[in-house]
Trainee: 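I have a structure here, written as structure tokens, and I will follow up with some questions on it.
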Amino acid sequence: MRILILGAKGFIGSRLSTLLKRKNFEVLEFDKDNTVDELLSFLKQADYVVHLAGINRPLTKEEFYKGNFDFTKTLVDLIKDNNLSLPIIMTSSIQAELDNDYGKSKKMAEDYLLASNLPCYIYRLSNIFGPRSRPNYNTVVATFAYNIAHDLPIKIDDGSTIINFTYVDDVCDDIISLIENNKKEGQKEFLSLPTTPCSLDRLTILLKYFKQEVESKRHLPYIYNDFELKLFKTYLYFASDEGYEYNFASDERGSFEELFKSKRFGQISENISFPNITKGGHYHKYKDEIFYVVKGQCEIVQKNIVNDDICIDITKGDEPRLVHIYPMYTHKITNIGEGNSSTLMWISEIYNPKKHDTYKKDC
């Protein structure tokens with residue numbers, strides 16, 4: 001199935017493209033550097049259109065209408081004039097309900113798409129945050145996380161201000177679910193996603209706590225809910241050293257994704273395991289590791305390769321506890337819960353395949 005993403009280089013578009021490719025979809029990427037002729041060519045190849053393109057920080061108010069309404073009109077007219085019946089998934093904004101130029105341009109785009117009678121789904125989004133966002137552009141989370149990670153000041157006019165946040169992967173997962181369920185009929189009602197309210201003061205406290213813990217001997221902060229985990233992963237993106245590639249792998253057991261790399265503070269990854277899955281069965285001669293189960297329930301087994309001493313830890317996501325994995329102990333982790341488990345894993349230095357210090361040995 002071919003998915004055309006409009007605004008493919010943007011914050012949500014680049015993440016959606018990555019996640020679709022991981023699921024083996026063919027992705028057609030269109031952005032502001034492409035031409036209308038290229039857009040038409042892509043439309044003729046696509047099975048779905050995901051319209052993420054738009055303007056939210058123009059130099060003039062006229063750019064709001066050109067980037068949000070005019071482009072949507074061009075898109076709809078191209079589809080109809082060429083007798084294509086493509087379903088369109090479009091992201092709009094909760095500001096479409098407000099009387100400002102950005103909101104009015106979004107509302108005009110919504111109305112034109114709905115009046116076209118093309119099958120469509122329209123999301124009204126609110127304060128999207130996550131890794132790969134841009135400080136001083138996409139979201140206050142990106143700005144605060146970047147500044148705190150780099151020891152720069154932040155400005156808060158009213159710390160009690162509550163903002164409703166949505167994580168970028170939640171947006172992408174919902175869009176992918178629409179596509180995977182092959183829902184091409186469209187609907188007139190606006191779609192929304194669950195949000196998490198958080199004050200600016202609370203946001204600042206959490207981000208500063210993450211910085212403190214990553215730079216401490218513990219390296220991993222205690223995390224008490226899903227929002228804090230998503231916020232922590234966002235912070236790690238801005239705290240990482242530049243210039244490194246971040247690997248992702250998945251198979252029938254689950255997935256493993258690198259989140260953070262620092263020459264000074266080591267590496268943090270997220271391991272997701274399906275129920276009854278065991279991973280590991282190796283030891284390190286000199287590297288230290290810390291495991292922290294943030295979701296689900298896991299059994300962590302360590303065995304000293306010298307004297308066969310065994311240590312077994314049962315950890316649950318709702319009972320925060322860090323488990324130290326020692327050098328010269330072969331170890332494995334098993335998901336013993338009913339759902340998927342998620343474990344943050346710190347290792348004392350960045351993984352180097354030429355100097356891996358990883359040796360296979362069962363527990």
Side-chain angles (χ1 to χ4, degrees), residues 10-12 15 54 56-57 91-103 106 123-174 190-216 218-240 259-260 265 268 270 292-295 317-322 342 344:
F11 170 38
I12 300 176
R15 183 58 176 167
N56 62 357
R57 291 181 182 270
T91 54
S92 184
S93 168
I94 57 170
Q95 291 200 44
E97 301 173 354
L98 303 179
D99 186 25
N100 57 51
D101 288 303
Y102 176 63
K106 283 293 190 182
Y123 288 89
R124 280 187 170 174
L125 301 180
S126 168
N127 297 298
I128 311 303
F129 75 98
R132 294 162 293 277
S133 50
R134 290 168 56 186
N136 303 303
Y137 186 84
N138 286 126
T139 168
V140 65
V141 173
T143 303
F144 281 20
Y146 178 87
N147 284 17
I148 289 170
H150 293 84
D151 297 313
L152 299 173
I154 59 173
K155 180 182 178 182
I156 302 176
D157 293 325
D158 182 0
S160 64
T161 300
I162 302 292
I163 297 178
N164 291 313
F165 292 105
T166 302
Y167 189 56
V168 63
D169 280 12
D170 294 335
V171 179
C172 295
D173 289 345
D174 211 75
F190 296 110
L191 301 176
S192 61
L193 292 165
T195 61
T196 301
C198 181
S199 72
L200 292 178
D201 277 344
R202 178 62 178 162
L203 176 67
T204 304
I205 289 169
L206 285 169
L207 292 171
K208 288 183 175 179
Y209 168 62
F210 295 156
K211 176 179 174 64
Q212 169 191 303
E213 292 302 287
V214 167
E215 297 179 2
S216 73
R218 290 162 44 95
H219 301 291
L220 297 175
Y222 286 142
I223 291 170
Y224 294 93
N225 56 55
D226 197 49
F227 174 71
E228 290 185 9
L229 176 60
K230 293 168 180 174
L231 190 64
F232 179 56
K233 290 195 284 188
T234 304
Y235 171 78
L236 292 179
Y237 171 76
F238 294 105
S240 292
L259 304 175
F260 168 83
F265 300 114
I268 296 172
E270 181 180 25
Y292 173 29
V293 177
V294 292
K295 288 184 180 179
D318 56 358
E319 298 175 2
R321 188 159 64 90
L322 305 179
S342 174
L344 294 176

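Bear in mind the structure is a predicted one, so any value in this text is a computation, not a measurement. Computed from heavy atoms alone, side chains included, the values below leave out hydrogens, waters and symmetry copies.
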Trainee: Please work out whether the ring planes of Phe210 and Tyr235 are parallel, tilted or perpendicular, with thresholds of 30° and 60°.
Mentor: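 Because their plane-to-plane angle lies in the 30° to 60° range, the rings of Phe210 and Tyr235 count as tilted.
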
Trainee: Output the distance between atom CZ (Phe165) and atom OG1 (Thr196), rounded to the nearest 0.5 Å.
Mentor: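 With rounding to 0.5 Å, CZ (Phe165) is 9.5 Å from OG1 (Thr196).
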
Trainee: Report yes if the distance between the aromatic ring centroids of Phe129 and Tyr167 is under 6.0 Å, otherwise no.
Mentor: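 Yes, they do, as the ring centres are separated by less than 6.0 Å.
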
Trainee: If you round to the nearest 0.5 Å, how far is CZ of Phe144 from OG1 of Thr139?
Mentor: 9.5 Å

Trainee: In Å and rounded to the nearest 0.5 Å, what is the OG to CZ distance from Ser216 to Phe265?
Mentor: 9.0 Å

Trainee: Check step by step if side-chain contact (heavy atoms from CB on, under 4.5 Å) holds for Leu344 and Phe232.
Mentor: CA-CA 11 Å; Leu344 294 176; Phe232 179 56; 3.7 Å; yes

Trainee: Looking only at non-hydrogen atoms, find the nearest pair between Ser199 and Gly159 and report the distance.
Mentor: CB-O, 3.6 Å

Trainee: Do Thr166 and Val171 pass the side-chain contact (heavy atoms from CB on, under 4.5 Å) test, and can you show the C-alpha distance, the side-chain angles, and the key distance before you say yes or no?
Mentor: CA-CA 8 Å; Thr166 302; Val171 179; 3.9 Å; yes

Trainee: Any side-chain heavy-atom pair from Tyr102 and Ser93 closer than 4.5 angstrom?
Mentor: yes

Trainee: At their closest point, which heavy atom of Val294 faces which heavy atom of Leu229, and how far apart are they?
Mentor: CG2-CD2, 4.0 Å

Trainee: Can Phe227 and Cys198 be said to form a side-chain contact (heavy atoms from CB on, under 4.5 Å), step by step?
Mentor: CA-CA 10 Å; Phe227 174 71; Cys198 181; 4.0 Å; yes

Trainee: May I have the step-by-step check of side-chain contact (heavy atoms from CB on, under 4.5 Å) for Arg132 and Tyr237, ending in yes or no?
Mentor: CA-CA 7 Å; Arg132 294 162 293 277; Tyr237 171 76; 3.7 Å; yes

Trainee: Using a 4.5 Å cut-off on heavy atoms from C-beta on, say whether the side chain of Leu236 contacts that of Val214.
Mentor: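 The answer is yes; the side chains approach within 4.5 Å.
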
Trainee: Mind checking the OG-CG spacing from Ser192 to Asn164? Nearest 0.5 Å is all I need.
Mentor: 11.0 Å

Trainee: Are side-chain heavy atoms of Phe238 and Ser133 found at a separation under 4.5 Å?
Mentor: yes

Trainee: If every non-hydrogen atom of Tyr224 is compared with every non-hydrogen atom of Pro320, which pair is closest and at what distance?
Mentor: CE2-CG, 3.5 Å

Trainee: Using a 4.5 Å cut-off on heavy atoms from C-beta on, say whether the side chain of Thr234 contacts that of Pro131.
Mentor: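 They are in contact (side-chain heavy atoms under 4.5 Å apart), so the answer is yes.
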
Trainee: Determine whether Asp226 and Lys295 make a side-chain contact, defined as any pair of heavy atoms from C-beta on separated by less than 4.5 Å.
Mentor: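 With C-beta onward as the side chain, the pair touches.
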
Trainee: Less than 4.5 Å apart, any side-chain heavy atom of Tyr123 and any of Asp174?
Mentor: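 The answer is yes; the side chains approach within 4.5 Å.
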
Trainee: Please tabulate, for the side chains in residues 146-157, all donor-acceptor contacts under 3.5 angstrom to protein atoms that are two or more places apart in sequence or on a different chain.
Mentor:
unit_1, atom_1, unit_2, atom_2, d
Asn147, ND2, Pro153, O, 2.9
His150, ND1, Tyr146, O, 2.8
Asp151, OD1, Lys211, NZ, 3.3

Trainee: Going by heavy atoms in the side chains, are Leu200 and Ile163 under 4.5 Å from each other?
Mentor: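 A side-chain contact under 4.5 Å exists here.
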
Trainee: What is the minimum heavy-atom distance between Leu220 and Leu322, and which atoms define it?
Mentor: O-CD1, 4.0 Å

Trainee: How long is the gap from CG on Leu203 to CD1 on Ile162, to the nearest 0.5 Å?
Mentor: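 Answer rounded to 0.5 Å: 10.5 Å.
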
Trainee: Taking all non-hydrogen atoms of both residues into account, name the closest pair between Ile94 and Arg124 and its distance.
Mentor: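 In terms of heavy atoms, the two residues are closest at CG2-O, 3.9 Å.
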
Trainee: Using every non-hydrogen atom in the two residues, find where Arg218 and Tyr209 come nearest and quote the distance to one decimal.
Mentor: NH2-OH, 4.3 Å

Trainee: I need the single residue from Arg15, Lys230, Lys233 that forms a salt bridge (charged side-chain N to carboxylate O under 4.0 Å, His left out) with Asp169. Which is it?
Mentor: Arg15

Trainee: Nearest 0.5 angstrom please: Thr195 OG1 to Leu125 CG, how far?
Mentor: 11.0 Å

